Amino acid sequence: MSICYLEGTFRPTEECALPVTDLAIIRGVGVFDSLRSFDGKPFALEEHMKRLEDSALRVGIAVGDTVDRIKQIISDGLIRSDCPNGGSCLVRSYITGGDTNDLGLFPNPRHFIIFSKAEPPSDEEYRTGVSLLPTSESRYYPTIKSINYLAGIMQCAGRSDVWECLYCPGGEITETLASSFFVYMDGTIFTAPLGAVLGGVTRNIVIDLARTYGFKVVEHALRLSDLPAADEAFITGTLKDVLPVVKVGDIVIGDGKPGPVAARLLRLFREYRERRLKGGQ
Ligand SMILES: *Cc1c(COP(=O)(O)O)cnc(C)c1O
């Protein structure tokens with residue numbers, strides 16, 4: 001069962017409701033962060049909470065001690081939720097603009113947190129890889145994890161054959177609807193630089209691991225026109241870990257099958273996560 005924390009209480013998620021006057025509802029003013037827990041332990045809590053706070057501050061939301069409170073609520077919620085028994089929870093923490101817009105600043109934010117069962121991609125999706133659809137749209141304020149996903153959602157509306165839209169403003173590849181995007185080409189791993197994209201927690205760990213294990217990683221945005229020469233592509237994110245991409249629009253990546261670099265990074269990432277969870281972080 002999915003539970004939600006709002007204003008001092010945990011309750012079933014379907015009973016959790018914001019007032020219609022909240023600026024998240026009427027103006028789209030809100031930020032969030034998703035993390036996963038394993039056997040009741042949150043993974044990379046500090047990185048996720050830092051990004052949540054940074055996102056809120058950039059939007060002009062007065063965060064105060066909200067993020068410290070959210071950390072405490074996450075630890076309480078993981079005890080109450082029924083998904084930790086050998087399983088994995090998705091923990092989504094939101095900070096909204098609240099009811100007051102003070103010249104573009106939000107002095108009285110609300111926060112709520114949803115604990116639900118994590119539903120990662122299927123084994124089949126890892127085995128066959130996924131397709132992306134390029135769009136010339138871009139995410140606005142790319143360094144903020146905002147609740148507004150409209151540009152990417154609309155461009156892929158009705159497309160059951162694509163996993164996510166891939167933002168390619170002016171032909172330059174940035175990231176997907178909700179994942180960081182990587183290419184392996186000529187022995188080098190490429191991904192767009194921070195600033196042009198969100199600082200994905202998975203992205204940053206995968207880059208560090210890749211460098212540690214001897215890969216060359218270049219933070220540079222490739223162009224769609226570079227993709228026919230790519231050997232592999234993959235996306236990263238909290239639920240996906242490292243998921244192979246075999247097609248972008250009409251472009252087949254490499255031989256159209258998931259490749260060894262994505263598989264190796266997926267293994268390295270999962271081993272790293274195990275180590276960190278054992279170490280109590
Ligand atoms: C959440 C998100 C990601 C992935 O971030 P993780 O911290 O790895 O889950 C990447 N790009 C966008 C646009 C996102 O919203």
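In listed order, ligands and their atoms are each counted from 1. Any value given below was found using the heavy atoms of this structure, including those in side chains, with hydrogens, waters and symmetry copies removed. These numbers were taken from a predicted model, which means no experiment stands behind them.
- For ligand 1, the 4.0 Å heavy-atom shell contains residues His48, Arg51, Arg139, Lys145, Tyr149, Glu175, Thr176, Leu177, Ala178, Ser179, Ser180, Leu198, Gly200, Val201, Thr202, Gly237, Thr238.
- Screening Val130, Ile235, Thr202 for a side chain to side chain contact (heavy atoms under 4.5 Å, CB included) with Lys240, the sole residue that qualifies is Ile235.
- Within 6.0 Å of atom CZ in Arg27, 12 or fewer heavy atoms from other residues, nucleotides or ligands are found, so the atom counts as exposed in its surroundings.
- No donor-acceptor distance shorter than 3.5 angstrom exists from the side chain of Asp102 to the backbone of Leu105, with no hydrogens or angles considered.
- Ionic pairing of Arg211 and Glu219 is present here: one or more N-O contacts between side-chain nitrogen and carboxylate oxygen are shorter than 4.0 angstrom.
- Annotation for Glu175 and Ala196: closest pair OE2-O, 4.3 Å, computed over non-hydrogen atoms.
- Of the listed residues (Arg36, Lys117, Glu119), just one forms a side-chain hydrogen bond (donor to acceptor under 3.5 Å, both in side chains) with Ser88, and that residue is Arg36.
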